[in-house]
Chemist: 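Questions regarding the structure given below will be posed in turn.
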Amino acid sequence: MTKRIGILTGGGDAPGLNAVIRAVVLTAHNAFGWEVVGIRQGFDGLLNGMPVMKLTPNVAHDMLARGGTVLGAVNRGNPFMRRTRLEDGSEVLVDAAHEVITRLHELNLDALIAAGGDGTMAAAMRLVDLGARIVGVPKTIDNDLSATDITFGFDTALVTATEALDKLQTTAESHHRVMVLEVMGRDSGWIALTTGVAGGADAILIPELPFDIAVVCNKIRALQETGRRYSLVVVAEGAHPIDGEQEFIIKGDPMYQGRLGGIGYLVGNAIASCLDAEVRVTRLGHVQRGGQPTPRDRWLATRFGSAAVHFVAQERWGHMVALHGTQLIAVPMEEAVKIKRVNPDGEMVRMARHLGIVFG
Ligand code: F6P
């Protein structure tokens, strides 16, 4: 039977989202003869009566290598907490989930594929409880979803961050400087750990291991005594000192998650005051989310998108595509929203320590 399925991209974007959309469109069309429409701006696109985007194989064919998402994404779109302005000008949070369900019916959608991170999956799960037929696709550069071995976007972010560290290394060497690189990752240290190891950092600071800056200074001093005149420090945006808290650009509230950032500058200043060294800080920011996906991310995103269509055919509502080893499986969304963090006592951190890297 012909179906009409919708796809949306929720949360922050990640390189590979367009490859997912393309794989959904091509698989739906070629393997099942189904029609696909794109919902703009995540779940918000189902609330404001926004027109949908007809996604034919012709429209989708050149999306594979394109960064971002042609559908747009909203990092703060939550149908259960929609910001609404009252007549007196004040703002309240309104549960608009039933409007989403109504809109899905109006659009004659047999199913919805939602590509997103933990926030998108949490919203999708609750909509499934209200009767929506949704299959999830995991996305985040942070690689912090415990239900899947890896998420697309992570590899691209890792390449970008490692290239940045490689570049910082050459100028650090010329000027005999300590270079601090702050990377993304929210409350998980995956980007920092892998970038730090891949780029030869001397210290890596991650949220899972609160740090003592004296340990970092001692490490750099010891390197200086061996004749090494530069050092590289990678700091995850969510890292914090043993006796301190995470640094936010904007603190969170019930509606918005806080925006982490700035710990790199605190670390840089602290190193400058405990050592006789020039220190420079680079906050890499959204460069990590932009640009073309790597071939590995295109491959993973394509597999995820195609599998999601098959899970729609199997009516696996409330499930998300996940990679376990080499296999793609459907995991319940309640598993998908659990956060995956670096194990401070695990093999990866131990290996890094054996390379001489300190974690503060
Ligand atoms: O979750 C992906 C991510 O890039 C995090 O690493 C980062 O903390 C956050 O999104 C940034 O969000 P925004 O795009 O809203 O600044």
Side-chain angles (χ1 to χ4, degrees), residues 8-17 20 41-44 67-69 71-78 81 83 114-124 136-148 150-162 164-165 181-196 204-208 234-240 245-266 282-291 293-294 297 300-301 320 336-342:
L8 63 79
T9 54
D13 64 357
L17 277 171
V20 170
Q41 302 299 117
F43 286 115
D44 279 8
T69 161
L71 295 177
V74 180
N75 220 354
R76 327 255 179 241
N78 181 344
M81 281 198 284
R83 194 181 281 263
D118 57 322
T120 303
M121 293 309 143
V137 172
K139 153 281 11 169
T140 165
I141 64 161
D142 303 334
N143 195 31
D144 62 351
L145 297 185
S146 62
T148 181
I150 194 145
T151 51
F152 64 85
F154 176 63
D155 188 59
T156 307
L158 179 56
V159 167
T160 301
T162 305
L165 193 57
L181 176 66
E182 181 184 310
V183 297
M184 284 184 163
R186 279 203 312 187
D187 297 320
S188 299
W190 296 107
I191 298 178
L193 175 63
T194 37
T195 298
I204 302 174
L205 306 181
I206 57 175
E208 294 85 347
V234 177
V235 186
E237 62 180 2
H240 61 93
E245 295 188 345
Q246 289 179 319
E247 272 299 299
F248 284 92
I249 295 170
I250 299 176
K251 288 253 185 215
D253 63 28
M255 172 81 178
Y256 293 153
Q257 208 172 35
R259 278 178 59 202
L260 286 162
I263 187 66
Y265 294 105
L266 294 192
T282 302
R283 190 169 168 257
L284 204 51
H286 291 79
V287 169
Q288 293 157 95
R289 287 235 303 265
T294 59
D297 275 340
L300 187 62
M320 183 192 81
V337 296
K338 292 182 192 151
I339 295 299
K340 175 173 67 186
R341 306 188 79 202
V342 174

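As the structure lists them, so they are numbered: ligands from 1, and atoms in each ligand from 1. If you read the sequence from its start, that first residue is 1, and numbering goes on from there.
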Chemist: Quick test of your reading of the structure: of Gln257, Lys139, Glu237, whose heavy atom lies closest to atom 7 (C) of ligand 1?
Modeler: Glu237

Chemist: So, does Thr148 use its side chain to make a donor-acceptor pair with the main chain of Thr151 at under 3.5 Å?
Modeler: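 No.
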
Chemist: Check if Gly185 has a non-hydrogen atom at a distance under 4.0 Å from any atom of ligand 1.
Modeler: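 Heavy atoms of Gly185 do come under 4.0 Å of ligand 1.
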
Chemist: Please report the interatomic distance OG1(Thr140) to CZ(Phe152), rounded to the nearest 0.5 Å.
Modeler: 9.5 Å

Chemist: How far is atom 16 (O) of ligand 1 from the closest protein heavy atom, and which atom is that?
Modeler: His286 NE2, 3.0 Å

Chemist: Output yes when a side-chain donor or acceptor of Gln288 lies under 3.5 Å from a complementary backbone atom of Thr160, and no otherwise.
Modeler: no

Chemist: Which of the listed options, Arg186, Met184, Arg289, holds the heavy atom that is closest to atom 10 (O) of ligand 1?
Modeler: Arg289

Chemist: Examine ligand 1 and decide if any of its atoms is less than 4.0 Å from a heavy atom belonging to Gln288.
Modeler: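 Not so, Gln288 does not reach ligand 1.
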
Chemist: Would you check if Asp187 and Leu260 make a side-chain contact, meaning some heavy-atom pair closer than 4.5 Å?
Modeler: yes

Chemist: To check your reading of the model: name the closest protein heavy atom to atom 2 (C) of ligand 1, its residue, and the distance in Å.
Modeler: Asp142 OD2, 3.2 Å

Chemist: Side-chain contact, heavy-atom cut-off 4.5 Å: Glu237 with Arg186?
Modeler: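 They are in side-chain contact.
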
Chemist: Within the 4.0 Å heavy-atom shell around Ile141, which atoms of ligand 1 are there?
Modeler: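 Per the distance check, 4 (O).
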
Chemist: Please list the nearest protein heavy atom to atom 12 (O) of ligand 1 with its residue and the distance rounded to 0.1 Å.
Modeler: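 In this structure, atom 12 (O) of ligand 1 has Asn75 ND2, 3.2 Å as its nearest protein heavy atom.
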
Chemist: Would you find a donor on one side and an acceptor on the other, under 3.5 Å apart, between the side chain of Glu247 and the backbone of Leu266?
Modeler: no

